[in-house]
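Notes follow the structure.
In this text the structure is predicted, and so the values were computed from the model without any measurement. Labels below follow one simple rule: chain letters A, B, ... track the order of the sequence lines, proteins then strands, and each chain is numbered from 1.
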Amino acid sequence: MSNNPEDATAAAVSAVADGPESDPVVERAELDTVGIAKSSPELDQPYRELGLKDDEYQRIREILGRRPTDAELAMYSVMWSEHCSYKSSKVHLKYFGETTTPEMREKMLAGIGENAGVVDIGDGWAVTFKLESHNHPSYVEPYQGAATGVGGIVRDIMAMGARPVAVADPLRFGPADAPDTRRVLPGVVAGVGGYGNCLGLPNIGGEVVFDESYAGNPLVNAMCVGVMKTEDLHLAHASGAGNKIILFGARTGLDGIGGVSVLASETFDDAEGGTGRKKLPSVQVGDPFTEKVLIECCLELYHSGLVVGIQDLGGAGLSCATSELASAGDGGMRVDLDRVPLRAEGMNPAEVLSSESQERMCAVVRPEDVDAFMKVCEKWDALATVIGEVTDGDNLEIYWHDELVVDVPPRTVAHEGPVYERPVQRPGEQDLIAADNANTLTRPSTADELRDTVLKMAASPNLCSREWVTDQYDRYVRGNTVLAQPSDGGVLRIDEETGRGVAIATDCNARYTRLDPYAGAQLALAEAYRNVATTGATPMAVTNCLNFGSPEDPGVMWQFQQAVRGLADACVELGIPVTGGNVSFYNQTGSQPILPTPVVGVLGTIDDVTRRIPTGIGGEEGETLLLLGDTREEFGGSEWARVAHGHLGGTPPKVDLAREKLLAEVLLAGSRDGMISAAHDLSEGGLAQALVETALIGECGARVILPEDADPFVALFSESAGRVLVAVPRSEELRFTDMCAARELPCAKVGVADAGSSSLDVQGITEIPLAELRAAWEGTLPALFG
Amino acid sequence: MARVVVDVMPKQEILDPQGQAVATALPRLGYAGISEVRQGKRFELEVADDVDDATLAQIAETLLANPVIEEWTVRRVEA
Amino acid sequence: MARVVVDVMPKQEILDPQGQAVATALPRLGYAGISEVRQGKRFELEVADDVDDATLAQIAETLLANPVIEEWTVRRVEA
Amino acid sequence: MSPKIGVITFPGTLDDVDAQRAARRAGAEAVPLWHADADLRGVDAVIVPGGFSYGDYLRCGAIAKFAPVMGEVVRAAGQGMPVLGICNGFQILCEAGLLPGALTRNSALHFVCRDQWLKVENNTSAWTSRYDQGAELLVPLKSGEGAYMADEAVLDELEGEGRVLFRYAGDDPNGSLRGIAGITDARGRVAGLMPHPEHAIDPLTGPTDDGLGMFLSVLDVLVAA
Ligand SMILES: Nc1ncnc2c1ncn2[C@@H]1O[C@H](COP(=O)(O)OP(=O)(O)O)[C@@H](O)[C@H]1O
Ligand SMILES: [Mg+2]
């Protein structure tokens, strides 16, 4: 289950905000047991406060043949929440599975339905990776929200049996100069760094995007990559009657159970005079040190063969872990909940089940291995407790001091939640937006205007250097980082002997998705795919984090449906499968949804990391700069339209997936044969921005000659997809251009790297000193955030 | 001029990994009898006499403490 | 059981960038009249009654504070 | 037989694998040492690597200095065994009293990870003999509490005795007094620095291989012994 209780948290926080905050909430005097539930069928239960609809509550009663106990109600309500049950997205997500062909599945060892997807990268190595969101908590408490977001996705990766080896963090914020962004961004960045650095996970990628629509709703997505030997793959299931259930890691406290605290409230119980606690804020504090120890502890447990099944605890805590483990196994499960080590006093079973305390894992262990298991935990100072065992029954039975408080068929909690066919409606305004053509906006025409535009674009918040952010992240730890920021993709060495490695990239231009969610999602995939290919790696598999507004808005649901279809169809064309992902709904401020933001992560493999392609030019003496791909007049959703005109309209750049595939093949072949000394993909800001970056990163000047027949503005700023700027040593130029010609990939010479020069010279238009470009590019974020 | 002390402590129900690290270290170092440790911040401010209590409270609430996870107290002390 | 508070402050001659950051932020936020800020740590310990003052001092001196850069005080307070 | 360099792992240590790799790359046998064992396993030198021992919650290195293995390190250092503390390891050596001074919060209050130029100030220590005096090295710096602090008397003594090993060149990254990046004890055997030479042993995974010199230097000492 997920560690990112977006909806649960959102509900809980608003419960706190809206509720009578100052009223002390009285604890229930007596324990609600299955026996009591049977004998008091008419008791009024606060299911609506817990987010359940009338018919959902009725279904629970039907399943159980009685009213649920407090503890059962707590379990069902969290597990049937949007975040845990995917009730609005399920019918659409199915499409990923339906479109995945056997060829695409070939290298996939685990896919949708597991904690994270796993792919076989050869030589006995498997790689697991996944993206998740922690959006709402990061708005409430930026540092801790982001930190626990990283912690959560890392535990998902651990639960597959892998060693986490890298993280990436696609982030989105409101306008860069908005006061609230000054509150949220530094906290989020410090939180991502604070947690990831302390875990010893190099941060090798991510995004920082600013847009008005994220002002009250920042997106904090986090990706983790893990590595294992194929035989170490662990799947979450509890089989084998008699096997023990062991909870290990941190103690369980009152974290993130604001919503569930109504179960101890006077609205539910009119017993008077109790000294209960207030509804609690759902802010969880992360403890990366405990998680780091947990990682090492888990790996030692795996390598010693002491684990039958394993599950991380995240969103919905023990409710999720126990019901998912039990329903994936072949029997039932008995849990003695009072054995759970607690951090707070007087917690009731519903609270223990719902707590979202961080840094906990749950393992299934053979009875004869329990002692050895405990020894390993002791070595790492990890608290471990046997809390139950697998039974040969069918139900999940949970006891509290020998009283039965939960007795449910686990599948009904974990997998058989409600499924909604939400109304889907293409908004009428889509046509108006499409008709608002960006190609007719007033353009810079004189040389001076073009020069100013280059500088202004380079300094704009979405294109400027991310160093202020990435300098707070450790990218070196463990000594296997071959490429990280500011490279198009992160590249990590997996095997020191053979040099085998992986590459990752995450992308999404949500402006494109707003104009056309189907094409926009495809462009997000195309860009992540291209970024991976630009490092010299071969794209292999896809994960995603689908960030959208409210599913109850038919227009949003249409965006969602279109994005899923676009992404899935593009995956088929590119021949790489979606192995997992995450959906985050309700990202909106009032009735205003965020731009539809399907963040796509692509994983690639590289057989020898020493041939990775760097981004900066100047690495070799005398390089020719070649532009691969076609440039069309495409400004819909472009960064130029935003920076120059604050405009969002028209249609996004054309999608050509066959071209993307060809590009990737040519980059791979060129890298294998040592023909490419640098490469940088073209995206936001077009050729101008790619040139600025490749020159500044390589600390090397360049002379640029735009094609004679081209409109310089279009050549410099169009955002046509499927393009990469490559630098080839002069000695390889002919061989490389011949290869492009043979494969029918458009390839145009656009200039040369000039080690002797310290400027970017766009001939016949303008010459800008690198120092001036650097001041523009690097100055923006420090000026805004200190 | 007065000296003002602002104490900022993690809320009771909020996890305090820092305090916990100290609490687990103590028995290892041979110190028994310390059952709980919480770690917070202490600020010492030199304040002009015309700065009133309401202002100090506002500074504590909005700048020195993060009220989502911390609570604070302000007091004037002898310099 | 007694509650013990240990305050740990950076020595006067040691640079305190955290305190300084607060001090420079205050006027920007419109608060005048605060001439100096220093930021340290506050520990709250729940201590068994048989733990004597010498032991507490030792804990403060060797673990909670780094005497190279910090000074500390220990006091028992009402719980 | 190649000399043995021990690399300590505390709970929360991160750069132990890197330090071991660097020791091996220089030609030594890398021997893992465990914080809870008061046993140096017959090693000839010790590296206390970087990371966040015990989460660095209280103060960097404050809890690690009490680990059983550190008692042995202090004893061995007293007998002249070369010891190197990198980043968190430097903080631990200062906390343990093997090196003077303390490391405090970066002046900009951020964690900073960047490729940093260093100037070699002393090439006579056990860990720096392979470098030219005054050479400039480019190695990663990655720390949140890297500002070196000591009182004036200690600073003057360090300078006077030539015990400053490295100084930051170019922009000041963290507010260290007198730009000090690394120091040594009076005998030139125990050394500590905030930047990470173990992350600069191969241009594939680091900015340069400038850091390898530190490990080669100590190997010279060990082989000669
Ligand atoms: N957008 C998506 N695309 C594909 N698979 C998804 C998507 N969202 C969720 N999934 C898959 O659905 C399953 C359940 O999701 P979630 O509850 O987040 O997983 P987990 O239990 O690992 O946290 C996971 O296997 C996840 O990979
Ligand atoms: Mg999971």
Side-chain angles (χ1 to χ4, degrees), chain B residues 1-12 16 18-65 70-77 79, chain C residues 1-12 16 18-65 70-77 79:
Chain B
M1 273 312 216
R3 165 157 310 171
V4 169
V5 171
V6 181
D7 288 321
V8 175
M9 295 300 292
K11 285 185 182 168
Q12 197 54 46
D16 171 22
Q18 311 192 81
Q20 204 176 288
V22 175
T24 25
L26 285 168
R28 266 208 318 271
L29 305 183
Y31 298 109
I34 296 161
S35 56
E36 210 201 311
V37 181
R38 299 197 63 85
Q39 178 176 339
K41 296 177 193 147
R42 175 188 167 95
F43 296 88
E44 292 181 3
L45 289 69
E46 300 302 324
V47 173
D49 294 328
D50 62 349
V51 179
D52 62 11
D53 288 354
T55 306
L56 290 173
Q58 208 177 16
I59 290 173
E61 174 84 11
T62 58
L63 184 65
L64 303 182
E70 294 168 330
E71 48 197 21
W72 52 267
T73 59
V74 173
R75 65 207 142 88
R76 292 173 192 261
V77 298
Chain C
M1 272 313 213
R3 168 159 307 170
V4 169
V5 171
V6 181
D7 288 321
V8 174
M9 295 300 291
K11 283 187 180 167
Q12 201 53 44
D16 171 22
Q18 306 189 90
Q20 222 162 43
V22 174
T24 27
L26 286 167
R28 257 205 331 265
L29 301 175
Y31 298 110
I34 295 159
S35 55
E36 210 202 312
V37 181
R38 301 199 60 85
Q39 177 175 340
K41 296 174 191 152
R42 175 188 166 96
F43 299 88
E44 292 180 4
L45 288 67
E46 301 300 324
V47 173
D49 293 328
D50 61 350
V51 178
D52 61 12
D53 289 354
T55 306
L56 291 172
Q58 206 178 18
I59 291 173
E61 173 84 9
T62 59
L63 181 67
L64 301 183
E70 294 166 329
E71 47 196 24
W72 52 267
T73 60
V74 174
R75 65 207 141 91
R76 293 173 191 262
V77 297

Review point. With respect to chain C, which residue among B/Asp7, B/Val37, B/Val47 yields the maximal number of heavy-atom pairs within a distance under 4.5 Å?
Key: B/Asp7

Point to revise | Interchain contact, C/Tyr31 with chain B, by part (heavy-atom threshold 4.5 Å) | key: side chain

Point to revise | Check against side-chain contact (heavy atoms from CB on, under 4.5 Å), C/Ile34 and B/Ile59 | key: CA-CA 11 Å; C/Ile34 295 159; B/Ile59 290 173; 3.4 Å; yes

**Study point:** Any side-chain heavy-atom pair of C/Lys41 and B/Arg42 under 4.5 Å
**Key:** no

Practice item. Tell me, out of C/Ala25, C/Ala23, C/Gly19, C/Ser35, who's got the most heavy-atom pairs with chain B below 4.5 Å. Key: C/Ser35

Point to revise | Part of B/Ala32 lying under 4.5 Å from any heavy atom of chain C | key: backbone

Check your understanding: Would you say the side chain of C/Leu29 lies within less than 4.5 Å of the side chain of B/Thr62, judging by non-hydrogen atoms?
Key -> no

Exercise for review: Using non-hydrogen atoms and a 4.5 Å limit, figure out which bit of B/Val51 sits close to chain C: side chain, backbone, both or neither.
Suggested key: side chain

Study note, to complete from the structure: The interface call for B/Gln18 against chain C, heavy-atom contacts under 4.5 Å, is neither

Review point. Does some side-chain heavy atom of C/Glu44 sit less than 4.5 Å from a side-chain heavy atom of B/Met9?
Key: yes

Point to revise | Residues in side-chain contact (heavy atoms from CB on, under 4.5 Å) contact with B/Gln12, at least two apart in sequence or another chain | key: B/Glu36, B/Arg38

Review point. So what's closer than 4.5 Å to chain C heavy atoms on B/Leu45: side chain, backbone, both or neither?
Key: both

